[in-house]
Amino acid sequence: MMTVSQIDAPANRVPEVTLDFWLIKLMAVTMGETAADYLAVNLGLGLTATSLLMTAVLVVVLVVQFAQRRYVPWAYWLAVVMISIVGTLVTDNLVDNFGVPLTVTTAVFTLALAATFLAWYRAEGTLSIHEVTTFRREAYYWLAILFTFALGTAAGDLMAERFGLGYLATGILFGMIILSLAVGYYLMGLDAILGFWLAYIFTRPLGASFGDLLSQPPEYGGLGFGTIVTSAIFLAVIALIVGLMTLRAGRQATA
């Protein structure tokens, strides 16, 4: 039975970290990579128009998300998908339109993410995702998420393209890094908050690498499924998992 203080306590606006969380997050970042490529290249919108359009959509989606006073699966994960697309486009614009080297974008986004965490910690005294209950904390949370996506895109492209590892080897590399973080957390006492944010960063290049592996033509090291098919597959998986999350949340609320 819930106490009065538990009922009155503000609800967390972001989900608990579960297997479902990591699965849908990996699907979302993969789709962010392929959807950005589809809009900019296959539809012929170009990076600039695609970036402006997706940024406008992201603003609307975030307004909807911030209007929630608790975690609502469809609103939260829609924001994650959109911020994944925009984060990808930010890096792609810097590299392709402005000629900024991947080494520089990786370093810049690392510093930007570190500065966001520093400002967040100074303002709130914690980086925990279990207590995102105010507008300010949620604003820091989403800003950090944006920089993790931009950084992950830059780091993944740096390894796969600039250093020539290819999509499969890059995906395996980041998968091993994430596995080592899991081992560190479960067996060696790695700090939970540090482990979460490191894993959040590295799932971006992991998902993007496998998204490129599936979508890119064989002459570029991919399997040739194309961005439409790849994006549709991952969107369907995301919709299915979010639907199950929503049903589960509804049952828990009425229990």
Side-chain angles (χ1 to χ4, degrees), residues 25 27-66 75 77-113 115-116 139 141-163 167 170 201 203-217 219-222 224-235 238:
K25 197 269 181 178
M27 298 295 104
V29 300
T30 305
M31 184 187 167
E33 179 74 16
T34 58
D37 289 343
Y38 171 71
L39 293 170
V41 179
N42 295 78
L43 285 186
L45 298 180
L47 273 177
T48 301
T50 301
S51 300
L52 293 174
L53 175 62
M54 290 298 100
T55 299
V57 175
L58 173 61
V59 170
V60 174
V61 169
L62 285 177
V63 168
V64 173
Q65 167 59 26
F66 273 91
W77 289 109
L78 180 59
V80 171
V81 170
M82 289 307 308
I83 212 166
S84 174
I85 295 173
V86 171
T88 299
L89 291 168
V90 168
T91 298
D92 288 347
N93 268 284
L94 289 174
V95 174
D96 296 338
N97 281 348
F98 297 98
V100 181
L102 285 167
T103 51
V104 175
T105 57
T106 301
V108 167
F109 287 128
T110 298
L111 293 175
L113 181 59
T116 300
Y141 176 86
W142 287 113
L143 183 60
I145 296 296
L146 175 62
F147 285 135
T148 63
F149 282 129
L151 172 58
T153 300
D157 289 348
L158 179 66
M159 292 296 176
E161 300 172 10
R162 177 68 174 79
F163 293 158
Y167 302 126
T170 299
I201 292 169
T203 50
R204 177 65 182 90
L206 172 65
S209 296
F210 283 111
D212 284 334
L213 177 66
L214 292 171
S215 64
Q216 295 299 316
E219 57 267 30
Y220 293 109
F225 288 103
T227 55
I228 299 177
V229 173
T230 305
S231 298
I233 291 173
F234 285 108
L235 179 60
I238 291 170

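Computed from heavy atoms alone, side chains included, the values below leave out hydrogens, waters and symmetry copies.
- Contacts of Phe163 classified as side-chain contact (heavy atoms from CB on, under 4.5 Å), with partners at least two apart in sequence or in another chain: Leu158, Met159.
- Closest non-hydrogen pair, Ala36 versus Leu89, comes out as CB-CD2, 4.0 Å.
- When the side chain to side chain donor-acceptor pair (under 3.5 Å) test is applied to Asp92, no partner is found at least two apart in sequence or on another chain.
- Applying the side-chain contact (heavy atoms from CB on, under 4.5 Å) criterion to Val100, with sequence neighbours excluded, gives Leu94, Phe98, Val104, Thr105.
- The side chain to side chain donor-acceptor pair (under 3.5 Å) check on Thr106 picks up nothing, with sequence neighbours excluded.
- In terms of the side-chain contact (heavy atoms from CB on, under 4.5 Å) criterion, residue partners of Ile83 (sequence neighbours excluded) are, by chain and number, Leu58, Trp142, Ile145, Leu146, Phe149.
- Here the closest heavy-atom approach between residue Gln65 and residue Ala75 is recorded as OE1-C, 3.4 Å.
- The side chain to side chain donor-acceptor pair (under 3.5 Å) search around Thr203 returns Lys25, not counting sequence neighbours.
- Closest heavy-atom contact between Met54 and Val86: O-CG2, 3.6 Å.
- Scored by the side chain to side chain donor-acceptor pair (under 3.5 Å) test, Thr153 finds Arg204 as partners (sequence neighbours excluded).
- Counting all heavy atoms, side chain and backbone alike, Ala150 lies closest to Thr91 at O-OG1, 2.9 Å.
- Between Met82 and Trp77 there is no side-chain heavy-atom pair separated by less than 4.5 Å.
- Applying the side-chain hydrogen bond (donor to acceptor under 3.5 Å, both in side chains) test to pairs two or more places apart or on separate chains, those with a residue in residues 49-59 are Ser51-Asn93.
- Taken to the nearest 0.5 Å, the CD1 atom of Ile201 stands 5.5 Å off from the CG atom of Leu151.
- Pairing each heavy atom of Pro205 with each of Gly156, the nearest pair is CB-CA, 3.6 Å.
- A search for side-chain contact (heavy atoms from CB on, under 4.5 Å) contacts involving Ile238 returns Ile24, Met27, Ala28, Met31, Val81, Val242, not counting sequence neighbours.
- Residues Ala160 and Tyr167 share a closest heavy-atom pair of CB-CD2, 4.1 Å.
- Contact of the Phe109 side chain with the Leu113 side chain is not registered, since no non-hydrogen atoms from C-beta on lie closer than 4.5 Å.
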